[in-house]
Amino acid sequence: MVAVRLERRYVADVTVVSTRRPGLCRVLEGMPVEVVPSRVSLLFRVCSAAQEHAARTACEQISGLPPAPGEQARRQVRVILETFREHAWAACVEWPRHLSMAPDVGAFARIRSALQAISEGLTDWPDKRLEEEKLRVLAQTVDRALALGGRAWEGPGALHSWAMLGTCPAARFLRKVWDEDLAEFGRCPLRPVPDMMAWDLDGALAADVDNRFVSCPEWEGEACETGPLVRMSGHPLVAELWQRYGNGLLTRLVARLVELVGLSDRLGQLLNGLSSNNASLGIGGNRVGLGQVEAARGRLAHRVKVEGDRVSRYQILAPTEWNFHPRGPLWRGLVGKPASDADILQRQVGFLVVALDPCVAFTVQVI
């Protein structure tokens with residue numbers, strides 16, 4: 001729940017109450033370490049591929065046994081497919097719902113079907129090369145869903161023209177943002193989650209006896225954020241929008257669309273052995289394992305400590321806890337902003353929450 005308090009037509013405070021349960025992973029404690037990754041994928045249905053990937057990385061560090069040849073890349077492909085699905089669901093289904101418009105279920109179904117075809121081909125990969133046609137079909141379904149006509153946005157002008165045409169739900173959402181002058185809505189100074197050394201993160205998690213860090217993470221005393229906006233900040237279009245509008249609503253939405261469009265090429269490079277995965281970082285030793293993975297919503301970390309052959313402590317630091325920190329993007333981006341109409345503000349805050357993309361359902365209240 002997001003509660004926005006108004007005073008004298010200004011946002012006086014924002015309270016974020018999460019329904020996530022950071023301590024849920026404690027059910028894994030006491031289990032044999034070798035069964036943990038498969039249990040993790042059952043326990044967490046949202047971004048289960050990323051959750052399992054992080055869990056396997058952490059547990060393998062303890063055993064000292066690397067994954068079989070090709071297995072690490074196969075896991076990363078599954079995470080990319082999962083990210084693809086999450087972004088496509090947002091653009092085709094979730095965003096139009098917040099405009100009270102019909103979702104494009106057909107477009108999402110076509111993308112999901114193309115993703116499934118690639119997923120089924122992973123069984124024999126890399127021994128058997130994946131058919132290039134499957135990748136082409138995936139790229140074409142995304143192009144069709146976003147009404148791109150074979151051309152990605154070359155700059156803010158092309159993006160604006162595309163949005164004004166409103167030929168797909170994502171374009172209509174961006175048109176709404178421009179029409180209501182919301183491009184900078186939620187703009188605030190906020191640092192990205194740093195590429196911290198695994199030892200530093202392990203130390204923070206080891207000291208987290210009361211779950212405060214995994215529930216309300218900070219780095220060097222500051223709230224941070226992770227996700228598509230951070231990952232795509234170097235993309236020319238996102239960088240230009242950031243210069244104009246900061247990390248406001250428009251830049252956040254476009255970063256996700258840019259990542260969605262680019263995932264086909266990234267997937268092709270990985271499947272063809274032209275790129276490697278550097279996102280899973282860990283430590284090993286002292287019967288502790290740490291796995292980090294870039295999931296759809298941002299950096300995900302799993303830490304496991306083992307005594308004997310059983311898990312004595314299991315911790316998960318999820319991207320939602322970074323992005324919905326009580327003093328994170330919502331609080332920093334909204335407090336002090338003028339607001340003359342509570343109903344309009346409630347809807348606009350909903351847009352911002354959707355752009356930040358929690359992994360749980362949410363409500364917005366203006367009081």
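Note that the numbering runs from 1 along the sequence shown for the chain.
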Contacts of H160 meeting side chain to side chain donor-acceptor pair (under 3.5 Å) (sequence neighbours excluded), chain-then-number -> none
Using the rule given for side-chain contact (heavy atoms from CB on, under 4.5 Å), can you reason through F185 versus L250, listing the C-alpha separation, both sets of side-chain angles and the distance that settles it, and then say yes or no?
CA-CA 8 Å; F185 187 71; L250 180 66; over 6 Å; no
Within the supplied structure, the quantity of interest is the number of heavy atoms (other residues, nucleotides, ligands) at a distance under 6.0 Å from R97 CZ; does it exceed 12?
yes
With no hydrogens and no angle check, is any side-chain donor or acceptor of T320 less than 3.5 Å from a backbone partner on P358?
no
Quick check: is I344 connected to L6 through a chain of hydrophobic side chains (ILVMFWY, heavy atoms under 4.5 Å apart)?
no
Using 0.5 Å steps for rounding, measure from the CZ atom of R287 to the CD1 atom of I62.
6.0 Å
Walk me through whether V214 and E321 qualify under side-chain contact (heavy atoms from CB on, under 4.5 Å).
CA-CA 7 Å; V214 295; E321 267 55 68; 6.0 Å; no
Rounded distance [0.5 Å steps], NE2 in H87 versus CZ in F84
9.5 Å
Between H302 and Q51, does any side-chain donor sit less than 3.5 Å from a side-chain acceptor?
yes
Check this for me: R327, atom CZ, are more than 12 non-hydrogen atoms of other residues, nucleotides or ligands nearer than 6.0 Å?
yes
Please evaluate residues V79 and E294 with respect to the criterion side-chain contact (heavy atoms from CB on, under 4.5 Å), reporting the C-alpha separation (whole Å), side-chain torsions for both, the decisive distance (0.1 Å), and the verdict.
CA-CA 8 Å; V79 173; E294 279 294 331; over 6 Å; no
Could you check whether E82 pairs with R78 (Lys NZ or Arg NE/NH1/NH2 to Asp/Glu carboxylate O, under 4.0 Å)?
no
Report the hydrophobic cluster partners of V93, with the cluster defined as I, L, V, M, F, W, Y residues connected by side-chain heavy atoms closer than 4.5 angstrom, directly or transitively.
W89, F108
So, are E60 and R75 salt-bridged, with charged N and O less than 4.0 Å apart?
yes
W153: which residues meet the ring-ring contact (aromatic ring centres under 6.0 Å, His included) condition with it, sequence neighbours left out?
W162
Does one hydrophobic cluster hold both L352 and V230, with members joined at side-chain heavy-atom distances below 4.5 Å?
no
If you count the non-hydrogen atoms of other residues, nucleotides and ligands that lie under 6.0 Å from CG in D181, is the total more than 12?
no
Lys/Arg-Asp/Glu bridge criterion (N-O < 4.0 Å) met for E133, R136
yes
Does one hydrophobic cluster hold both W178 and L249, with members joined at side-chain heavy-atom distances below 4.5 Å?
yes
For F351, check ring-ring contact (aromatic ring centres under 6.0 Å, His included) against everything at least two apart and list the hits.
F173
V17 and W322: same hydrophobic cluster, using ILVMFWY side-chain contacts below 4.5 Å?
no
So, are E225 and R332 salt-bridged, with charged N and O less than 4.0 Å apart?
no
For residues P32 and R310, report the shortest heavy-atom separation together with the two atoms involved.
CD-NH1, 3.2 Å
Just verifying a value: how many Å separate I316 CD1 and L28 CG, rounded to the nearest 0.5 Å?
7.0 Å
E220/R191 ion pair, N-O < 4.0 Å:
yes
With rounding to the nearest 0.5 Å, note down the distance linking OG in S48 to CG in L43.
11.0 Å
Just verifying a value: how many Å separate Q76 CD and R266 CZ, rounded to the nearest 0.5 Å?
5.5 Å
Electrostatic pair D195-R299, nearest N-O below 4.0 angstrom:
yes
Is there any salt bridge (charged side-chain N to carboxylate O under 4.0 Å, His left out) pair reaching into residues 153-166, and which pairs are they, with sequence neighbours excluded?
R151-E154
Where do Q116 and E120 land on the side-chain hydrogen bond (donor to acceptor under 3.5 Å, both in side chains) test, with the steps shown first?
CA-CA 6 Å; Q116 183 62 32; E120 291 171 355; 3.2 Å; yes
Does atom CD of E131 have more than 12 heavy-atom neighbours from other groups under 6.0 Å away?
no
Roughly how far, to the nearest 0.5 Å, is the CD1 atom of I367 from the OG1 atom of T15?
7.0 Å
Cluster partners of L190, using ILVMFWY side-chain heavy atoms under 4.5 angstrom, listed by chain and number?
none
Would M164 and V254 show up in the same hydrophobic cluster when neighbours are defined by side-chain heavy atoms closer than 4.5 Å?
yes
